[in-house]
Trainee: 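Next up is a structure, given as structure tokens.
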Amino acid sequence: MSDVVEIHVNGRAVRVPASASLAAALLAAGESAFRRSVTGAPRAPLCGMGICYECRVTVNGVAHVRACLETVAPGMDVVTGG
Amino acid sequence: MAETAPRRVTADVAIVGAGPAGIAAAVRAAESGARVVVLDEAPRPGGQIWRHTTRGTLPRGARRWLERLDASGAQVLSGASVVDADGPRLLAQWRGEPLVVSAERIILATGARELFLPFPGWTLPGVVGVGGAQALLKAGMPVAGRRVVVAGSGPLLLAVAAALAGAGAHVAVVAEQAPAAAVRRFAAGLWRRPAKLWQAARYRAGVPRARHRPGVWVTRADGDTTVREVTLTDGRRTWTVPCDLLAVGYGLVPATELPRLLGCRIERGRVHVDEYQRTSEPAILCAGEPTGIAGAHAALVQGQIAACAALDRPAEATSLLAARDAWRRFAARLEATFAPRDELRTLADADTVVCRCEDVTLGRIDASWGSRAAKRYTRAGMGPCQGRICGAALQYLFDWTPDRVRVPVAPATVGTLVHAAALNTEPQDPS
């Protein structure tokens, strides 16, 4: 049950619970700025359920992925702050 | 090379949303022998209330419904977003590809979302919704040792505070904006609903009474890169509480984009339905929170009624109507008790961001405009969330009515969108 997977967050290897959503995993990894707003302010998850789009990050080169709707996968390459 | 023809699914009943209402509708319809397809955005069925990573963590009742869904023969397409709809046909994006669903009947079970009211500091990382905190917690967000303030309105506050405390968070205060007298009256009436009473007692056990403060609300949040401090008031006195996480939300509002796109009549923000959950549009039914916020028990009953009606067997739903009506009365009391107080309209100042997608501040918006003019002049509501967050807030702050729904209802790839125009012109029954 305590399966852990390794993902890469801004090039940094992070071990996170295999069942976690990407949003929860990023919070666990200490990320606070998931994205930058149009005026450059840091933003992080608000609704947690796919509505607000504040948690969007780049996953394996695909931009604007809602981290709260994504489950972590081994080797996932995540870029925040976009 | 990209596919030119979208995938197609035909069914007797297509259900949008796999929360309690959608699940109950799917189970009832599929067990009656109908071909059922369920479209849901989440990775697995359950909706927000039964969100889970493993079923073992769910209450028994929820597990039973999910098991029935598995065995029912209904086709559940998780990760599918509906982007356009025309009559009983839907265009969805599923696994990055377009999908056209043709059905005899559609049951909309699109659920609800949180009402967020802007205040200075609400865009800081670490400020999340109350339902948002619950969703993130269930998804694995660590909270052990973190100082948390839970604020806003509604029964969800205590439930989430108890869940956070159970996961090791230090819940500093639960600030319920509704007046203490209203909350007491509501709690006293819960004996009519034993299930709810049991739930309430369980939640309260997780939060010391002294930390539950009715008649108290958040006026601002402060911090640098993340929230550090929350300012609370009871209308006379103002004080600050240090925290690492602020969970704040003002109850739920029906998600009505898809019903509105389909032309269903909306009354006071809710989808109008007859006693068999039929909307004003032929072949379109609606169940659960979009018809009025009443919770999972109500949604389960409504979903079953909708399924019976969708299969043209409304008589089979007769035994469920009394329960549904009782839940409607409960919903009315819920709404009256936890209605946001007027003071919440004045929390945001001119520099407070209202539309988070486009960083539109309150000072740039004129109260006389209305939703459509605000979009045109400031882009408020034009970002990826398409006004789902700021729209309800602006409606509340300025008594605006929502703008008409635009396609796509959910952001979609160009590959999916090219099929949107065709949805209206294609023959009704593609073979």
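All chains are named by letter (A, B, ...) in the order of the sequence lines, taking the proteins before the strands, and each is independently numbered beginning at 1.
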Trainee: Please name the pair of heavy atoms, one in C357(B) and one in C52(A), separated by the smallest distance, quoted to 0.1 Å.
Mentor: SG-O, 4.3 Å
Trainee: Let's test your reading of the structure: which of L46(A), V72(A), V38(A) forms the most heavy-atom pairs below 4.5 Å with chain B?
Mentor: L46(A)
Trainee: Between chain B and each of C55(A), G50(A), A41(A), S21(A), count heavy-atom pairs under 4.5 Å; write down the option with the most.
Mentor: S21(A)
Trainee: Heavy-atom cut-off 4.5 Å, strictly under: side chain, backbone, both or neither for R146(B) against chain A?
Mentor: neither
Trainee: Of the backbone (N, CA, C, O) and the side chain (C-beta and beyond), which part of P43(B) lies under 4.5 Å from a heavy atom of chain A, both, or neither?
Mentor: side chain
Trainee: Between atom CD of E114(B) and atom CD1 of I51(A), what is the distance when rounded to the nearest 0.5 Å?
Mentor: 8.5 Å
Trainee: Determine whether more than 12 heavy atoms belonging to other residues, nucleotides or ligands lie under 6.0 Å from atom NE2 of H64(A).
Mentor: no
Trainee: Give, for atom CE of M49(A) and atom CD of E41(B), the distance between the pair rounded to the nearest 0.5 Å.
Mentor: 12.0 Å
Trainee: Checking E54(A) against chain B: side chain, backbone, both or neither under 4.5 Å from a heavy atom?
Mentor: side chain
Trainee: Is any side-chain heavy atom of T39(A) closer than 4.5 Å to one of E358(B)?
Mentor: no
Trainee: Quick one: what part of P45(A) sits under 4.5 Å from any heavy atom of chain B, side chain, backbone, both or neither?
Mentor: both
Trainee: Can you tell which part of L136(B) gets under 4.5 Å to a heavy atom of chain A, answering side chain, backbone, both or neither?
Mentor: both
Trainee: For a quick test of reading the model, state the closest non-hydrogen atom pair linking A24(A) to P142(B) and the distance between them.
Mentor: O-CD, 4.1 Å
Trainee: In terms of heavy-atom proximity below 4.5 Å to chain A, should V353(B) be classed as side chain, backbone, both, or neither?
Mentor: side chain
Trainee: Can you tell which of C68(A), A33(A), P42(A) has the highest number of heavy-atom pairs within less than 4.5 Å of chain B?
Mentor: P42(A)
Trainee: So which of G132(B), A42(B), A133(B) has the largest heavy-atom pair count under 4.5 angstrom toward chain A?
Mentor: G132(B)
Trainee: SG of C47(A) to CZ of R113(B): how many Å apart, nearest 0.5 Å?
Mentor: 9.5 Å
Trainee: What's the spacing between R43(A) CZ and L124(B) CG if we round to 0.5 Å?
Mentor: 9.5 Å
Trainee: To the nearest 0.5 Å, how far apart are OG in S78(B) and CG in L69(A)?
Mentor: 11.5 Å
Trainee: If the threshold is 4.0 Å, N to carboxylate O, is there a salt bridge linking D359(B) and R36(A)?
Mentor: no
Trainee: Need one label for S37(A): side chain, backbone, both or neither, based on atoms under 4.5 Å from any heavy atom in chain B.
Mentor: both
Trainee: Identify which of A139(B), G140(B), G249(B) forms the greatest number of heavy-atom pairs closer than 4.5 Å to chain A.
Mentor: A139(B)
Trainee: P17(A), A25(A), A28(A): which one forms the most heavy-atom pairs within less than 4.5 Å of chain B?
Mentor: A28(A)
Trainee: Distance from S19(A) atom OG to H52(B) atom NE2, nearest 0.5 Å?
Mentor: 11.5 Å
